[in-house]
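The structure appears right after this line, and notes come after that.
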Amino acid sequence: MKYIVAIIQPHRLEQVLRELDDSQIYLRTVTQVMGCGRQKGVTEVYRGNVEHGNLLKKIKIEIAVNEDFVEPCVQALMKGARTGKVGDGKIFILDLHECIRIRTEERCDQAIG
Amino acid sequence: MKYIVAIIQPHRLEQVLRELDDSQIYLRTVTQVMGCGRQKGVTEVYRGNVEHGNLLKKIKIEIAVNEDFVEPCVQALMKGARTGKVGDGKIFILDLHECIRIRTEERCDQAIG
Amino acid sequence: MKYIVAIIQPHRLEQVLRELDDSQIYLRTVTQVMGCGRQKGVTEVYRGNVEHGNLLKKIKIEIAVNEDFVEPCVQALMKGARTGKVGDGKIFILDLHECIRIRTEERCDQAIG
Amino acid sequence: MNEVFQVKGEVKMNRKVLWLAASLVFLLAVPAGADTGGTVSPADTAWLLVSTALVMLMTPGLALFYGGMLRRKNVLSTIMQSFFIICLIGVEWVLWGYALSFGPDLGGVVGSLDRLGISLSGLEPRDTVPGFAFIMFQGMFAIITVALISGAVAERMKFSTFFIFSLIWSTIVYNLLCHWVWGGGWLAKLGFLDFAGGAVVHISSGASALVAAILIGRRKCYPEKVVRPHNLTMTVLGTGLLWFGWFGFNAGSAITSGSLASLAFTNTFLSACAAGLVWVFIDWTRIGKPTVLGICSGAIAGLAGVTPAAGFISPNSAMIIGAVAAILCYYGVSVLKPRLGYDDTLDVFGIHGLSGTWGTLAVGLFATKAANSAGADGLFFGNPRQLLIQIVGIAAAWVLSVVVTYGVLKILDVVMKLRVSEEEEDIGLDLTQHSESAYTILE
Amino acid sequence: MNEVFQVKGEVKMNRKVLWLAASLVFLLAVPAGADTGGTVSPADTAWLLVSTALVMLMTPGLALFYGGMLRRKNVLSTIMQSFFIICLIGVEWVLWGYALSFGPDLGGVVGSLDRLGISLSGLEPRDTVPGFAFIMFQGMFAIITVALISGAVAERMKFSTFFIFSLIWSTIVYNLLCHWVWGGGWLAKLGFLDFAGGAVVHISSGASALVAAILIGRRKCYPEKVVRPHNLTMTVLGTGLLWFGWFGFNAGSAITSGSLASLAFTNTFLSACAAGLVWVFIDWTRIGKPTVLGICSGAIAGLAGVTPAAGFISPNSAMIIGAVAAILCYYGVSVLKPRLGYDDTLDVFGIHGLSGTWGTLAVGLFATKAANSAGADGLFFGNPRQLLIQIVGIAAAWVLSVVVTYGVLKILDVVMKLRVSEEEEDIGLDLTQHSESAYTILE
Amino acid sequence: MNEVFQVKGEVKMNRKVLWLAASLVFLLAVPAGADTGGTVSPADTAWLLVSTALVMLMTPGLALFYGGMLRRKNVLSTIMQSFFIICLIGVEWVLWGYALSFGPDLGGVVGSLDRLGISLSGLEPRDTVPGFAFIMFQGMFAIITVALISGAVAERMKFSTFFIFSLIWSTIVYNLLCHWVWGGGWLAKLGFLDFAGGAVVHISSGASALVAAILIGRRKCYPEKVVRPHNLTMTVLGTGLLWFGWFGFNAGSAITSGSLASLAFTNTFLSACAAGLVWVFIDWTRIGKPTVLGICSGAIAGLAGVTPAAGFISPNSAMIIGAVAAILCYYGVSVLKPRLGYDDTLDVFGIHGLSGTWGTLAVGLFATKAANSAGADGLFFGNPRQLLIQIVGIAAAWVLSVVVTYGVLKILDVVMKLRVSEEEEDIGLDLTQHSESAYTILE
Ligand SMILES: Nc1ncnc2c1ncn2[C@@H]1O[C@H](COP(=O)(O)OP(=O)(O)O)[C@@H](O)[C@H]1O
Ligand SMILES: Nc1ncnc2c1ncn2[C@@H]1O[C@H](COP(=O)(O)OP(=O)(O)O)[C@@H](O)[C@H]1O
Ligand SMILES: Nc1ncnc2c1ncn2[C@@H]1O[C@H](COP(=O)(O)OP(=O)(O)O)[C@@H](O)[C@H]1O
């Protein structure tokens, strides 16, 4: 099992969720985060004082999947999130040791879906 | 060491924290997230326009523990979070390679508690 | 590759980001979280009713790095975050299986930086 | 559009009329805008219309004051109750509420339905103001009284039930009580004094809130968990708007512009200040910290406390009334409520019920004809009888409110349930009752 | 509670006192109204100044009402448009807008520029109020009308273009229309009735909003995604402030304090209540839940709908007008808009355009001289002619607004582009147009 | 500032005139309240009470204006200061503040304590309004002046110290200065003009704020980090409420309703508009983007700048004063402050201090008797002397404020510390000083 973490642009969220649905990956956890990458941060000005920020709003999506869903999931994420501009984000894949469904106490592969 | 990630219903948070305390697991990090699982999303209506959302408010709890605390921790989480209804959430367990306490520079097992 | 998760005090964020920059680690994802550790929680009072909370505002920083950046990164985090008082936080290091840059589809070591 | 134009024809006067005119100038022009044969005073009208707008603003203010103290998932449901009440009772008031309250007295109990509905006769003056202005001003009181109750049942009451309850409650409790006290009913005849609604507004809502809170039962989380206000700045804003509007509420109740309105204004302000200070100092002594919610609660307690007395007392008495109101309410919300264990979510009884009762009683203590010759002297000014009258009025308001609220809610519980389901309570009323959420999260 | 009671005993006066009294009348009446030459009435002035302040508050109220319905990344950009419009049109109004609108009539079309600029002559009375009070009151109307339009192009219009557009639009559309209707222009001469701005404010902004929404095109996300209001409590607060201010808008339009103002006040309130209720009930029937945004939208629809009629009709008619306005607007925003597919972000046409048109028409149906002898009778009171006049006025307002808006925007699109770039739209207008964000996230 | 002064010469009347007078009584006294014997004018009272309520609302408005610009962890602490000041100075004012300010003059320096405390004598008129109305109106000024200072020491000052400081500061600085300028003190005798508080309110608070900011020292994060406003919509709302209330502040300072109030109203509005525009244009030129915080800051600068002049100048001068105020304040907050390095958190000196000083000076330039015959001519109208008088007044206000603030704070620092501990500053003042947080996070 793998634990996939994707950081994407906020305005691509709708698209990404739709692509995931199309790939029959319905389970996910979404968080609002701030990111700092290659993309130039924004400049904000308050009472004439300029502040060069470097954190931008991003969306983090976490998805736990069985091995055979890893590639479809990555493809869906990429399809939905890619604009080709700096700031599109990253996908991180971690090993998932165990997964438990709280409601049923099912474990592992049964639990993940 | 394991890194436990639990997604639970927001209204079970108090109960879960109490159960964790009872199991003498006091350290945790809590985040507000949005989840999409088997539970039917909510419908919202704005000026007569119906929107079938699919993301629900959830709470994510992260706990880093030594191996022998994994099972007690899982049990506490389940006890606190379970209502038996769809949406109760999941527990994910990842391997934790290293843990460092910033204050003391302690590492691994000493740092985790 | 490693996936570093640091929980720090909110008022150390600026300092930590500066230290990371100084160590030439520019990529990161930041989240607002609530933490409960050894630090005594705060007491809040509403209409004379005292509530001993135990969750405090913390900041979570996630950084994916190649192996040789792990130690510099940890050092930078510690340097920026340490005040020596309880509540300074923890650093957790997980193994990172894969990393993909969405924009370019680059993978692994090329993608991470 | 000047009403001056409405005076037509030439006014022919002989010397006697001249004499009369001149004396009338002296007698009437000064304080009241000289109404002869009941003409409209533009100054009084301006003041009353402004006051009406101010009182209207209090209900949205209340919605925010309340909403800020709730959890995010229930904030809209309570705001909705306030806004819906504005619309619902606004219409109820002109259809039959005003008639029941201010129609020609029937046996001291209720107004006759002669004045059912609203017509252009409101263009005619009622004392020195157009009937319409008076109807609107009084209507805003009917509205906020019902809206106040919503705080006691917040986070768990079904919206549909609250809707039916409001309509019945306003018709029976509010309109009757209003008639008794202000519409020439038996309490008015007895000499009961309630300047701007200590009994009519605050006791009635506070007492009913207590009954409602007990009947509907505690929230699932109560009392294990103190619900933290999700946004105290919203409560602060609500307090500001309430305080601002309260000037219209109390000083507007003079109906005329002049010394009496100014006195009521001053008393209103000082009572709120004193109560705010006292609450903060109790907080400081008791828990070691002055709190923002404390000063807001104190100010509201002081405002509610001085409401029945604002036009009958001296400013020094107002400060005393405010200070005592703060002490009482502090005790009510932080000792009495936890001890008795009922879940009056936003302390409608603890604040409005207690300080409304206290303030109405205080009229019997502090009232003085030196402040308002149309008022009375209280106990401290040599007239113990007034205190007795006030006690009778308080008892009447309590009994009417408790009995009717109990009866109506019991019936409604059978007919349509008072409470949402447990699951709906978990998810929150905003989504389950109104299909909306107050805030987006991901963006 | 009338201070008259405080004057006791009989006042006996000899002739000297009488003389004194009479001279005092002359000496003191000045500050108190009755000044020589039948000019400034302090009471009317007080009412008008308060109304002016209330109408001024509506634009910040609108900014919040609108802002709450947008996404976090665009909330400041729309607020900015409202605040900027206050400053910009505030200055435009005194420089040339007032002259064009209320200057001596030139052929029924426009005011002459004799009164260009602002001078101390505003100290002189205009009817019963100082000229300054009248100028300011009218200026606030010019402001909010432009600000209303911003809702239709929210989340995508370039700020600089909106700025230039506002200035031109206000000068051509608003000032002309205002002159036609209120400044003695051809519609006024025709007998067209618009008490507080159904045509001048709501049709003009609503019609222009529709044109602007179509010309600027849809937002990238529309119509795939319903944009959820990022903070409904802000919209609720905005509604409260708008409603509060609307009393000044409509009842202040009587210019004098008295029965007419009270009538307009009552009609305003009741129309809003009826419309709020109706919208909620449609929501309830149609989607199974009463909504907060629904009651707010309904109230605003009712307020806009009654605006042209407030001083000409009876309260019963006001409730009917409000109810119909709610039905129309509900249909407009939830059926018409999705069907036609234009992206009028905050339903400026759907709410203000539709109910402004309806209300202006309704004057021709419900107006009655029994309510206001300076008004007229409508169809239902035996005068079909008024209905025709109203239709002419509505058509004129629509044509003027549509034609000018279309022309100006077409030109501006070529000269400086209407829309921000796609990337700016993604990131949000707050950051890209104003280098600010409404809220911090990490702290 | 009573327009009565404008009626000059002796009025001689024969019997016909008497007849006329008497009929006028009938015709006009009614709507206008025709007061005889310098008694209470209902119209003026209505206007003053409304103005008082408006000024009262400014302090909650200020709390939100300030609160929005801070970090989440400190928002309540600053709001608390404003609300506490309302209660504290509200009581202080009636106990001794009013006596010191407006009591019978003692040597031009201070009012005698004859009028200590508050009694029912406030029912009696003071000019054309009841004493109570005047006392309350003036009290609201005392309140907001102290509340303004809190912005300079936000995010680090101990609440308890601020509490003691406020009480002393208000008693010494505010009450004295108020007496000097408005209570018949030496500056009043000198002919110093300050219509609504340029020196009394804005210089005193701005100058003291500067001293306080310097003495208390910088926040830990300053100047490395620009603190981003945690919620600009809150600041926007605060701006709206301040602007709205400012009409009461300035136009209410006419005390009477009529031309003077209308003039002050107009000037207030136009100065704010001009200043808002100018600030936005500087932003646009300097940093390439117009900002929301900019337009809000500009409007406030314009409002503060025109305050001392509102009733003495023509509207054109008001626009100039506003424009210059914006330029000065922009320079103050974005160049002067960073250069000098003091940490005046919310720019109380930068906005109120600078534009208060400028506006008070500008009276000496732009005042004209054509606007207000009870005023004076300024330099540009041929009277250089007035400018000198204004400079004396400005100097007096600065010296008094700086010296007393310095002295009091130095002593308080020794006695009870000005600042919270470093750790408390890190955690935030809301939790450490008040045991509350403004917002919940997890829910
Ligand atoms: N190594 C990393 N560790 C943690 N977060 C990262 C890392 N690299 C990228 N991110 C996250 O992804 C976001 C997008 O990355 P960025 O470098 O701007 O885009 P791109 O990958 O297209 O060059 C960043 O804002 C950050 O939140
Ligand atoms: N495979 C997964 N990956 C990521 N998050 C998941 C996954 N499965 C469940 N979740 C999270 O857990 C929440 C509850 O899951 P759900 O399927 O609704 O409940 P249940 O497990 O009781 O059927 C979801 O809303 C989502 O946030
Ligand atoms: N074992 C753990 N699992 C998850 N989060 C932890 C763990 N230990 C610490 N944390 C996070 O780190 C924060 C700081 O920890 P704390 O124990 O208060 O400080 P210190 O490490 O200095 O004693 C906590 O509030 C919590 O968010």
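Residue numbers begin at 1 in each chain, while the letters A, B, ... track the order of the sequences.
- Contact count versus chain D (heavy atoms, under 4.5 Å) is highest, among F/Val94, F/Val75, F/Ile441, for F/Val94.
- Contacts between F/Leu237 and chain D at a heavy-atom distance below 4.5 Å involve the side chain alone, from C-beta outward.
- Taking the six-membered ring for Trp and thresholds of 30 and 60 degrees, F/Phe159 and D/Trp284 have ring planes inclined between 30 and 60 degrees apart.
- Side-chain N or O atoms of D/His230 include none that pairs as donor or acceptor with a backbone N or O of F/Thr440 at under 3.5 Å.
- The distance from atom CG of D/Leu293 to atom CE of F/Met80, rounded to the nearest 0.5 Å, is 10.0 Å.
- Of the two parts of F/Ser160, the backbone and the side chain both hold a non-hydrogen atom closer than 4.5 Å to a non-hydrogen atom of chain D.
- For a residue to count as touching a neighbouring chain, one of its non-hydrogen atoms must lie under 4.5 Å from one of that chain's; by this rule D/Val292 touches chain F with backbone and side chain alike.
- Contact of F/Ser77 with chain D is not made at all, since no heavy-atom distance falls under 4.5 Å.
- Atom-to-atom distance recorded for F/Leu57:CG and D/Phe244:CZ is 5.0 Å, nearest 0.5 angstrom.
- The contact between F/Leu431 and chain D is made entirely by backbone atoms, counting heavy-atom distances below 4.5 Å.
- When heavy atoms are compared at a cutoff of 4.5 Å, F/Leu241 approaches chain D solely by way of its side chain, counted from C-beta outward.
- Looking at F/Glu436, only its side chain comes within 4.5 Å of chain D, counting heavy atoms on both sides.
- Counting heavy-atom pairs closer than 4.5 Å to chain D, the top-ranked of the candidates F/Leu49, F/Val91, F/Leu120, F/Thr45 is F/Leu49.
- We find the OG-CD1 distance between F/Ser82 and D/Ile295 to be 10.0 Å, quoted to the nearest 0.5 Å.
- When heavy atoms are compared at a cutoff of 4.5 Å, F/Ile118 approaches chain D by way of both its backbone and its side chain.
- In this structure, the separation between OG on F/Ser437 and CG on D/Leu232 is 8.0 Å, given to the nearest 0.5 Å.
- Only the side chain of F/Met140 comes within less than 4.5 Å of a heavy atom in chain D; its backbone stays farther off.
- Ring planes of D/Phe281 and F/Phe84: perpendicular class, angle over 60° (limits at 30 and 60°).
- For the atom pair CD1 of F/Ile86 and CH2 of D/Trp243, the computed distance is 5.0 Å after rounding to the nearest 0.5 Å.
- For F/Met56, the part lying under 4.5 angstrom from a heavy atom of chain D is the side chain only.
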